[in-house]
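Heads up, the thing below is written out as structure tokens.
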Protein chains: 2
Amino acid sequence: MEQYEPNDLLIFARVAEAGSFSRAAERLGLPKSTVSRRISVLEDRLGERLMLRTTRRLALTEFGNQLLEHARQVAAEVDAVKALSEYRRAQPSGRLRVSMPSDFATLLLTDMLAAFVALHPAVSLELDLSPRRVDLIGENFDLVVRMGDLPDDAMLAARRIAVFPSGLYAAPGYLAEHGNPVAPDDLHQHDALLLLGRNSEAVGWTLLCGEQRWEGLPPARASANSPELLISLARAGAGIAAVPDYFAAPNVRRGELVRVLPDWRTPSHTAWLVFPGRRLMPAKTRAFINMVETAFTNVDG
Amino acid sequence: MEQYEPNDLLIFARVAEAGSFSRAAERLGLPKSTVSRRISVLEDRLGERLMLRTTRRLALTEFGNQLLEHARQVAAEVDAVKALSEYRRAQPSGRLRVSMPSDFATLLLTDMLAAFVALHPAVSLELDLSPRRVDLIGENFDLVVRMGDLPDDAMLAARRIAVFPSGLYAAPGYLAEHGNPVAPDDLHQHDALLLLGRNSEAVGWTLLCGEQRWEGLPPARASANSPELLISLARAGAGIAAVPDYFAAPNVRRGELVRVLPDWRTPSHTAWLVFPGRRLMPAKTRAFINMVETAFTNVDG
DNA sequence: TCATATTGTTCCATTTGCAGAACAATGTTA
DNA sequence: TAACATTGTTCTGCAAATGGAACAATATGA
């Protein structure tokens, strides 16, 4: 430790306050022998006596009085920290920064988010719905929802919150220009919008239809690392994308996307809730995770 | 220790300030392993993480930021204590409360006291010259000059500063009324002013004249526990007192006292410098003691 | 005045916490 | 891209701090 241990300053403050080693020891939950020794050590380090102790009375030295001013402040800060910690333990509080795809928020979590805000008035929720892939630690996010791949970062933990059935989608304009595939092999003549995997490598397509299985890597017109971006690209007519049905649905309804090879489906996409470590989680984070999970177990078991 | 160790708050503050465990460890003079462990312990005690640490970057949690406010304050107090202590070590300073017989101050120490005040401008000297026997600890005295007996108190330490030859003295008026003794045995017909010893028991007289020795306990007209009081009583004509020649001298010069049995002397009186403990002495006290001792070695080596 | 209760200090077996090195993770540079 | 440098964490023998009991000192009360 440095030279003057604040621990001993705390003990000194408590002793001065209690006016007795024994009472201070009792309040501190320490044996009086330790209190006595710590004060002695402190005095040795400071090079001067702090209190003159008869077995009956305790008198502060002039220097002791000077020091007490500082020691009191240390004790006050310790009390403040204790209060702060207990408050935090009791109820979720503070800023909670969450990033998720905007589709995810609007389509799936609006009710849950509203309920969360209502239930935890001490939490101020900050939602980031930008499509970019945020830096969880660097930008101080508590939680991030990721689709598709989960980052293999030792500092991060993740929890699977939902699995979405997926299929191929494209814009009507694109299909009008390039033709509408009728069998998987037709895809080789099409522009594919591919999802980038963990190592920024394009992942090929796997198509399933009952027991049938087709695999291939069509020419990539563009690639991105999140399904949401693929949907945007497909809507703009850039090609065919394999994305979750649930997220394509609103676009289909608006006529901006149509299903390609409707008999075939692509492997399901997984949504992950990513957060930094799992060693000690703030109450606010724990509360949010729980609420997200119950929201999904209620929806699709 | 209590629950939240201020030591760990200090370490936390240093880490946050340095922005790195290694640098903080270096500044604290601790191995980085200790810094790492202490932060972990603190987080466990608080039940929440304070900082998210990549090997390259360090990001404070929202809670960490809240806590930092308090931790900084602790660190500031520690710095203040360090500065205070170093200032104290360097030069004597603060109040120095000293009690001594007024005769002692005026007859023997005026020059020395003036020199002390001049040499140590940061010390404010408070002299108590009251004849009463002060309570060293209870009244917050740093030093007390005592004549005759030294208190046998385990909490106190004492140093012998001077030995004063003594004899019998009385007021001319008293001798005119009761007669002037010519031999020691005549004293049994006189009123004696006796010095009270350690246990408030009157101490008998011992007279010396060359090789001759006389002992006796004349009837006590009054008794006191300090030679100064005996002088006052003798001057008032209350009887004969055995007191230091040096302190009787001014009264003799003024004709208020005369030597009784001038061939005989009484055992020397000793002056003691009493102070609380000797374990850790304030610089101001040490400086005063040194100056008193040199003053006396220069006078009567 | 003597017994009692309470205080601060000292002692020593036990345990805690430390220091240093090895390790794992992650940027950096050639 | 591969060797390197630097960071935070983990491990382990060992030293230092702890805490309960015995002790010494001192008010208090009968």
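Every chain is numbered from 1 and lettered A, B, ... according to where its sequence line falls, protein lines coming before strand lines. As the structure is a computational prediction, the values presented were derived from the model and not from experiment.
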Rounded to the Å, how far apart are B/D44 CG and D/dT9 P? 12 Å
Would you please say whether a donor-acceptor pair under 3.5 Å links the side chains of B/Q73 and B/E77? yes
With a 4.0 Å cut-off, would you call B/E62 and A/K284 a salt bridge? yes
Out of C/dG17, C/dA19, D/dG19, whichever nucleotide has its closest atom nearest the side chain of B/R38: C/dG17
Rounded to whole angstrom units, what separation is found between the CD1 atom of B/I137 and the P atom of D/dA25? 14 Å
Could you state the atom-to-atom distance from CD of B/E5 to P of C/dT16 in whole Å? 14 Å
Would you check if the side chain of B/N7 reaches a backbone N or O of A/N7 as a donor-acceptor pair within less than 3.5 Å? yes
Decide yes or no for A/R88 and B/F63: does some side-chain heavy atom of the first lie under 4.5 Å from some side-chain heavy atom of the second? yes
Atom-pair distance (CD1 on A/I39; P on D/dA17), nearest Å: 16 Å
Atom pairs, N/O to N/O, protein against nucleotides 8-11 of chain C, distance under 3.5 Å?
residue : atom : partner : partner atom : Å
C/dG8   : OP1  : A/F21   : N            : 2.9
C/dG8   : OP2  : A/F21   : N            : 3.2
C/dG8   : OP2  : A/S22   : N            : 2.8
C/dG8   : OP2  : A/S22   : OG           : 2.8
C/dG8   : N7   : A/K32   : NZ           : 3.2
C/dG8   : O6   : A/K32   : NZ           : 3.1
C/dT9   : OP1  : A/R53   : NE           : 2.5
C/dT9   : OP2  : A/S36   : OG           : 2.6

Apply salt bridge (Lys or Arg N to Asp or Glu O under 4.0 Å) to A/R95 and list each qualifying residue two or more places apart in sequence or on a separate chain. A/E126
Between B/L30 (CG) and D/dA15 (P), how many Å, whole number? 19 Å
Separation of C/dT16 C1' from A/N7 CG (nearest whole Å): 14 Å
Over all atoms of both residues, closest heavy-atom pair of B/P101 and B/V145: CD-O, 3.6 Å
I need the CG-C1' distance between A/L52 and C/dT7, as an integer number of Å. 16 Å
